[in-house]
Amino acid sequence: MKMIRFSLLSDAISRIKKIGYTEELDGYAARRLGIFNTLNFIGLLTGIIIPLVAILNKGYLPLIAWVVAAAPAFISLVVLIANYYRRYNFAMLWYFILYPSITSLVYMDSIDVGIELFFILYAVFGVFFLQKLRLILLAISFSLICYFAVFVVEQKYEFVMRDINYPFYVFNHVLSVALIFIGLFLIKKENKDYQAEILNSNEELYRYTLEIEKQKEELAELNNLKSKLFSVISHDLRTPLYGLRNLFKSVEQYDLPAEEIKVLIPDVVKDLHYTTDLMENLLQWAKSQMKGEALSPQLIEINKLIQDVQQVVRLQAENKQVYLKTKAEKPVYIYADKEMIEVVLRNLISNAIKFTPKEGEVVIDVKEDEELIEVLVSDTGTGMSEEAKNKLFGDEHFTTKGTSNESGTGLGLMICKEFLKKNGGNIHVESVLGKGSTFAFTLPRA
């Protein structure tokens, strides 16, 4: 029951604060309007309660005192109605002119009812609610002039509320102090809430800025990769196709015998193998871009995936008489996009075969700790210099020939790096010129 009453009270206060609210008001103006409505609603209640309190007391009150006691109800009601119809400027002028004037009126009739603190209240409210400096100065000046005129300059009154109705006199002072306290409390609370709202907005803006910067960096990387792709396509893809075209053209025009065709076939097959690798990488990259950030992670047993990839590159290894060896035995699980990690493994193992001489060895090993698994692809190939190593994952397109003069696209390692990054992994290389290389990548374990 208490919760229902509290909810109804909270809803009523919220409705009062939103009298005259429109979407066009900024946050600070809306909060200021809410406080102004609340204070005028309190003024409306005060204009009703004070006369009732006076009636309950048996002390004498002049007619003008009754007018002043009931005036807040009338003034605040007009303010709330003006705000409801979006007449904000009229409401402010009405409030800051009539309240000091009505308060002064009772003193001008030689009656001291003990409400002089209200002049201070009007001055304080003028500072907060009025926006233009000249209006603030005018409101403060008017309230202080009224205060000094009726309470400092004129000190002889025919009726003194303290003598003729002491409880009512005390009530007026308590009410004055209470309204000043309530007004300052509401102003402080709304300012604090507004500052908190600004801080939250700034934090959101900061996060939004960081997100934009991140997207900007990702876009720059993507554009850089696209430039590399078009460079590879325009330069490297044409050569194998021209070779294949020239072969068929020669067969067609010159009726080449089978012996001469057999001599040309190995070079064409080599070029086609290169073209197949290139197209496979291009298709995988294009597929990943169409998927965007929406990866398809799943639980993967990495050793099983390594075995599957070994079957794919088995013919390449056998043709070159390179021995493939896997050290890992026990199951190790990761959580990643299977197709992407498969592309990474295929590229690294294929490259290791390419740069390993005949009767060499390529070893795939898996290491693990509490957080990461590391896959290592080591070869007994030609190795790399420090200069070549630094170019592998750089911004420039870089490729070298294999031990059997195999062509490379320079694209595979770029795609490996991008795919691993999307899956929360990383890649690095260790190499000794003339002794071999080890490409290793890490991924979070499942």
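All values derive from a computational prediction rather than experimental measurement.
- Judged by distance alone, the side chains of E339 and S296 never bring a donor and an acceptor atom under 3.5 Å apart.
- Note that OG of S143 and CG of L138 are 9.0 Å apart. Values are rounded to the nearest 0.5 Å.
- Shown here for I300 and A336, the closest heavy-atom pair between the two residues is CD1-O, 3.3 Å.
- You'll find the side chain of I302 reaches within 4.5 Å of the side chain of I341, heavy atoms only.
- Within the structure, the salt bridge (charged side-chain N to carboxylate O under 4.0 Å, His left out) test picks out the following pairs touching residues 28-47 (sequence neighbours left out): R31-E190, R31-E197.
- Aromatic ring centres of F36 and Y88: separated by at least 6.0 Å.
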- Query: Under the side chain to side chain contact (heavy atoms under 4.5 Å, CB included) criterion, do R314 and L324 qualify, and how do the steps go?
  - Reply: CA-CA 8 Å; R314 180 176 54 84; L324 294 180; 5.6 Å; no
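- One side chain, Y99 or S76, offers a donor N or O that lies under 3.5 Å from an acceptor on the other.
- Environment of CD in E359: sparse, with no more than 12 heavy atoms of neighbouring residues, nucleotides or ligands closer than 6.0 Å.
- The existence of a salt bridge linking E368 and K330 is confirmed by a sub-4.0 Å separation between a basic side-chain nitrogen and an acidic carboxylate oxygen.
- With contacts defined as side-chain heavy-atom distances shorter than 4.5 Å, the pair L345/F441 qualifies.
- Two residues are said to be in side-chain contact when any heavy atoms from C-beta on lie closer than 4.5 Å; T326 and Q307 fail this criterion.
- We find the CG-CE distance between L433 and M384 to be 9.5 Å, quoted to the nearest 0.5 Å.
- Within the 3.5 Å criterion, the main-chain N or O of K354 finds a donor-acceptor partner in the side chain of K320.
- Within the 4.5 Å cutoff, side-chain heavy atoms of R346 are placed close to those of V312.
- Closest approach of I136 to G126, counting heavy atoms only: CG1-O, 3.7 Å.
- Proximity of a side-chain donor or acceptor of D369 to a complementary backbone N or O of L372 within less than 3.5 Å is detected.
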- When you look at Y21 and N37, which way does the side chain to side chain contact (heavy atoms under 4.5 Å, CB included) test go after all the steps? CA-CA 10 Å; Y21 173 79; N37 286 337; over 6 Å; no
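- Pairing each heavy atom of T380 with each of E361, the nearest pair is OG1-N, 3.0 Å.
- Aromatic ring pairs are classed by plane angle as parallel below 30°, tilted from 30° to 60° and perpendicular above 60°; the pair F129 and F125 is perpendicular.
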- Carefully, step by step, assess N347 and L413 under the rule side chain to side chain contact (heavy atoms under 4.5 Å, CB included). CA-CA 7 Å; N347 271 286; L413 289 179; 5.9 Å; no
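- Using a 4.5 Å heavy-atom cutoff, the side chains of Q310 and I364 are in contact.
- With hydrogens and angles disregarded, no donor-acceptor distance shorter than 3.5 Å links the side chain of E301 to the backbone of Y333.
- Counting heavy-atom neighbours within 6.0 Å of R15 CZ, excluding the residue itself, gives a total of 12 or less.
- In terms of heavy atoms, S437 sits closest to G383 at OG-CA, 3.5 Å.
- With a 6.0 Å radius and a threshold of 12 heavy atoms from other residues, nucleotides or ligands, R445 has its CZ atom above the threshold.
- Between S101 and F142 the shortest side-chain heavy-atom distance falls below 4.5 Å.
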- Task: Check the pair I353, T356 against side chain to side chain contact (heavy atoms under 4.5 Å, CB included), reporting the backbone distance first and the verdict last.
- Result: CA-CA 5 Å; I353 295 171; T356 300; 5.8 Å; no
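- A heavy-atom distance below 4.5 Å is not found between the side chains of N426 and L443.
- Here the shortest heavy-atom pairing between I102 and A71 reads CG2-CB, 3.3 Å.
- Separating the CG atom in N83 from the CD1 atom in I16 is a distance of 13.0 Å, to the nearest 0.5 Å.
- For the pair F439/N351, no side-chain contact is recorded, criterion being any heavy-atom separation below 4.5 Å from C-beta on.
- Between atom NZ of residue K327 and atom CD1 of residue I306 there is a gap of 13.0 Å, rounded to the nearest 0.5 Å.
- Within 6.0 Å of CG on N89 lie no more than 12 heavy atoms contributed by other residues, nucleotides or ligands.
- Separation of atoms CE (M340) and CD (E418) is listed at 7.5 Å; rounding is to 0.5 Å.
- Heavy atoms of other residues, nucleotides or ligands lying less than 6.0 angstrom from CZ of F41 number 12 at most.
- More than 12 heavy atoms of other shown residues, nucleotides or ligands fall within 6.0 angstrom of atom CD in E211.
- Going from atom CD1 of I75 over to atom OG1 of T46 covers 11.5 Å, rounded to the nearest 0.5 Å.
- Across N423 and P444, no two heavy atoms sit closer than the pair O-CD, 3.7 Å.
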